[in-house]
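Step one of this worksheet: look at the structure below.
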Amino acid sequence: MSAAPKITALRGGDVTLAAAADAFLSTPRTANPNTHRAYASAIDRTIERLGRDRPLANVTDTEIGTALTELWGRCAPATWNRNRAAVTSWLSWCQTKKRWAAPSVPADAERRKEGPDETRAVAKTTIHRLLSRRDFPLREKTLWRMLYETAARAAEILALNVEDRDLEHRRAPVRSKGGAIEWVYWESGTVHLLPRLLRLPDGSTRTHGPLFLSERRPVPARRPAAGDICPHTGRARLGYDRARVLLDTYAGLDPHQLRHSAATHLGEAEVGAAHHGLDTPQEPPHRHALRQTRS
């Protein structure tokens, strides 16, 4: 006589969306600051739309799909896929690790095919060779490394001021597209380059004003706002168009490629860790196209 099949009861019928999100975001897999802000950004926006205090078990697959579509349905495929993956990871964890009754991302909310420009991630070895070159200007190398290590948008990094830096925690606040103030984090490469970038000819250091400066002082007829002028040198803030042209001239790349490459490399590390049964990569990189809201 065959044994009766083992049935595992689902738990957590009274767990709210907010509680389930908090539990997931406190796990080791989101310990990396940039990974945490990525997941938190997608999950928080999703549960806000569904109702933070609603029981997790009462939310349907269709509602999850509708929330994703309303939030990111009109975004670029890469943005849709990134946020969809964060919500999928959260719900899968609720189901498999906690054994909570939880919805799933429906089949019709599938991954989208990304265009060539969005998926042209640069190989990690190519990025490292680029950032190690000694024949590129210091300003460009610092900007490129910061873009890669933080996975932030170029406009966000170019908007930073010297005084925005939190040196102890290797981070700075940026304003996202939605207007929220969020933290971006960098690694040792940026730490080593920033002091050189800020050093003045007389040996002193810039303490205020734009972090990245243009080559020349602005002409009076086109003088930018006072906040975009360095009080030490009189030079203006480096603009996005100029930064984009220089990256293309020196390396044949677009600023978005550095950001997308960082997210891709982190994703590859997380997939490898999952394949070997780890919660997080053994050496999690401090980069991802995700954010941690400033407290």
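These values consider heavy atoms only, across backbone and side chains, with no hydrogens, waters or symmetry-generated copies. Since we're looking at a predicted model, the values are computed, not measured.
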Using side-chain heavy atoms (C-beta onward) and a distance below 4.5 Å, is [X] in contact with [Y]?
X: D61; Y: S104; result: yes
X: L25; Y: W90; result: no
X: V174; Y: T150; result: no
X: R237; Y: N161; result: yes
X: Q257; Y: L247; result: no
X: H192; Y: R145; result: no
X: D44; Y: I47; result: yes

Please name the residue in the list T62, I64, V87 that meets the side-chain contact (heavy atoms from CB on, under 4.5 Å) test with P103.
I64
Quick check: does any side chain N or O of [X] sit under 3.5 Å from a backbone N or O of [Y], one acting as donor and the other as acceptor?
X: T16; Y: D53; answer: no
X: T30; Y: T27; answer: yes
X: E140; Y: P137; answer: no

Identify whether the distance between the nearest side-chain nitrogen and carboxylate oxygen of R170 and E149 falls below 4.0 Å.
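Between E149 and R170 there is no salt bridge, as every charged N stays at least 4.0 Å from the carboxylate O atoms.
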Can you name the nearest heavy-atom pair linking [X] to [Y], along with the distance?
X: W80; Y: E110; result: NE1-O, 3.0 Å
X: L91; Y: A102; result: O-CB, 4.5 Å
X: I157; Y: L147; result: CG1-CD2, 3.7 Å
X: W72; Y: A42; result: CH2-O, 3.5 Å
X: A20; Y: C94; result: CB-SG, 4.1 Å
X: T96; Y: R99; result: O-CD, 4.0 Å

Give, for atom [atom1] of [X] and atom [atom2] of [Y], the distance between the pair rounded to the nearest 0.5 Å.
X: N83; Y: T88; atom1: CG; atom2: OG1; value: 10.5 Å
X: R171; Y: R165; atom1: CZ; atom2: CZ; value: 14.0 Å
X: H36; Y: I43; atom1: NE2; atom2: CD1; value: 9.0 Å
X: T46; Y: R84; atom1: OG1; atom2: CZ; value: 12.0 Å
X: F212; Y: L197; atom1: CZ; atom2: CG; value: 5.5 Å
X: Y148; Y: H128; atom1: OH; atom2: NE2; value: 4.5 Å

Stepwise, does the side-chain contact (heavy atoms from CB on, under 4.5 Å) test hold for R29 with K97?
CA-CA 13 Å; R29 73 175 63 191; K97 296 293 186 180; 4.2 Å; yes
Classify the ring geometry of F136 against Y250: parallel below 30°, tilted from 30° to 60°, perpendicular beyond 60°.
tilted
Are [X] and [Y] in one and the same hydrophobic cluster, where Ile, Leu, Val, Met, Phe, Trp and Tyr link if side-chain heavy atoms are under 4.5 Å apart?
X: V191; Y: L211; result: yes
X: L143; Y: L213; result: no
X: Y240; Y: L238; result: yes

E70 meets the side-chain contact (heavy atoms from CB on, under 4.5 Å) criterion, sequence neighbours left out, with R49, T66
Step by step, would you call E156 with R259 a salt bridge (charged side-chain N to carboxylate O under 4.0 Å, His left out)?
CA-CA 12 Å; E156 294 171 343; R259 181 170 186 257; 5.8 Å; no
Determine, step by step, whether C230 and R206 satisfy the side-chain contact (heavy atoms from CB on, under 4.5 Å) criterion, reporting the C-alpha distance in whole Å, the side-chain angles of both residues, the deciding distance to 0.1 Å, and the verdict.
CA-CA 9 Å; C230 173; R206 290 194 283 128; 3.6 Å; yes
After noting the C-alpha distance and the side-chain angles of T207 and E163, does the key distance pass the side-chain contact (heavy atoms from CB on, under 4.5 Å) rule?
CA-CA 6 Å; T207 58; E163 59 269 30; over 6 Å; no
Output, in order, the C-alpha distance, side-chain angles, deciding distance and verdict of side-chain contact (heavy atoms from CB on, under 4.5 Å) for S204 and H232.
CA-CA 10 Å; S204 61; H232 304 280; over 6 Å; no
